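Below is one structure, written out as structure tokens; comments come after it.
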Amino acid sequence: MNPETFMREAIKLADAGMRGGRGGPFGCVIVHRGEIIARGNNRVTSTNDPTAHAEVTAIREACTARKTFQLPDCELYTSCEPCPMCLSAIYWARIPTVFYGNTRGDAAAIGFDDDFIYQQIPLAPDQRTIAMKPLLRDESLVSFQEWAGKSDKVSY
């Protein structure tokens, strides 16, 4: 199979999810050594879960199947440029290559917030449209200090 075949599968999942009432027009596949190991489509509205984007659902499925939280030897094919949340999940999963169809601008043109959120991220916390208020940092740091000293932690 070639990259175009995998991307067409992601597009097919986007169409099926949208037409089946599961969510928005987004689909994703994760490939390991030329084989699809996970599929995902947007399920935000059908599950009432704002994190149930195609990429996130596919990453969850792939990690469960491979019994790991990192996918450094996989490729991800998605019908749209990943939103900031999905891009972060891709980084956390250590997926080194992403192929995408539509752009964040294309998503914005049909009413999705991807580009708006990308614009919010580089702003200082006090300049974002969501109120960001620091609270109890000294107390919160205790957990971080304990984590830093743990000898049996699993780094990620």
Side-chain angles (χ1 to χ4, degrees), residues 1-123 125 127-133 135 140 143-144 147 153-156:
M1 295 183 141
N2 59 38
E4 291 82 7
T5 301
F6 298 130
M7 182 59 77
R8 286 187 182 102
E9 180 65 18
I11 294 166
K12 188 167 72 172
L13 288 165
D15 292 344
M18 173 187 58
R19 293 175 185 150
R22 289 188 294 267
F26 304 95
C28 179
V29 296
I30 297 178
V31 175
H32 178 254
R33 296 184 181 161
E35 180 182 334
I36 295 173
I37 61 165
R39 291 172 168 78
N41 57 9
N42 183 286
R43 298 177 187 161
V44 170
T45 58
S46 63
T47 62
N48 296 315
D49 178 355
T51 69
H53 289 201
E55 297 90 339
V56 171
T57 60
I59 289 169
R60 288 174 180 160
E61 183 178 300
C63 288
T64 298
R66 300 209 45 221
K67 296 178 176 51
T68 182
F69 55 89
Q70 294 183 342
L71 304 167
D73 51 355
C74 294
E75 299 171 336
L76 186 142
Y77 295 80
T78 181
S79 62
C80 185
E81 179 181 1
C83 75
M85 176 186 68
C86 293
L87 182 60
S88 295
I90 291 163
Y91 272 102
W92 283 116
R94 308 291 195 259
I95 299 170
T97 306
V98 174
F99 297 89
Y100 64 92
N102 295 307
T103 67
R104 66 177 101 158
D106 298 330
I110 60 169
F112 288 94
D113 289 337
D114 305 48
D115 193 50
F116 168 74
I117 297 169
Y118 269 109
Q119 292 172 28
Q120 290 284 300
I121 290 172
L123 298 177
Q127 295 178 336
R128 296 181 184 146
T129 59
I130 294 174
M132 305 281 294
K133 301 178 181 190
L135 184 64
S140 298
S143 298
F144 275 21
W147 173 260
K153 66 185 168 202
V154 177
S155 296
Y156 60 98

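Values in this document were obtained by computation on a predicted structure and should not be read as measured data.
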Suppose we screen for side chain to side chain donor-acceptor pair (under 3.5 Å). Which residues come up paired with Asn41, at least two apart in sequence or across chains?
Arg43

Do any pairs count as a ring-ring contact (aromatic ring centres under 6.0 Å, His included) and have a residue in residues 60-92, sequence neighbours left out, and if so which ones?
Phe6-Tyr77, Tyr77-Phe99, Trp92-Tyr156

What residue pairs, at least two apart or across chains, pass side-chain hydrogen bond (donor to acceptor under 3.5 Å, both in side chains) with a residue in residues 53-62?
Thr51-Arg60, Glu55-Thr78

Only counting residues at least two apart or in another chain, list the ones meeting side chain to side chain donor-acceptor pair (under 3.5 Å) with Arg8.
none

Could you tell me whether the side chain of Asn102 and the main chain of Ser79 form a donor-acceptor pair under 3.5 Å?
yes

Expected list for residues 16-40: side-chain donor-acceptor pairs under 3.5 angstrom, two or more places apart:
from  : atom 1 : to    : atom 2 : distance (Å)
His32 : NE2    : Asp73 : OD2    : 2.9
Arg39 : NE     : Glu9  : OE2    : 3.1

Inter- and intrachain pairs under salt bridge (charged side-chain N to carboxylate O under 4.0 Å, His left out), touching residues 88-98, at least two apart:
none

Verdict with reasoning, Leu71 to Leu76, per side-chain contact (heavy atoms from CB on, under 4.5 Å):
CA-CA 10 Å; Leu71 304 167; Leu76 186 142; over 6 Å; no

Sequence neighbours excluded, the answer for side chain to side chain donor-acceptor pair (under 3.5 Å) partners of Thr68 is none

I'd like to check the side chain to side chain donor-acceptor pair (under 3.5 Å) partners of Arg128; sequence neighbours left out, ordered by chain and number.
none

Let me check something: any side-chain donor-acceptor pairs from residues 105-121 under 3.5 Å, sequence neighbours excluded? List them with distances.
from   : atom 1 : to     : atom 2 : distance (Å)
Asp106 : OD2    : Thr103 : N      : 2.9
Asp106 : OD2    : Thr103 : OG1    : 3.2
Asp115 : OD2    : Gln119 : NE2    : 2.9
Tyr118 : OH     : Pro82  : O      : 2.8
Gln120 : OE1    : Thr129 : N      : 2.8
Gln120 : OE1    : Thr129 : OG1    : 3.3

Suppose we screen for side-chain contact (heavy atoms from CB on, under 4.5 Å). Which residues come up paired with Asn48, at least two apart in sequence or across chains?
none

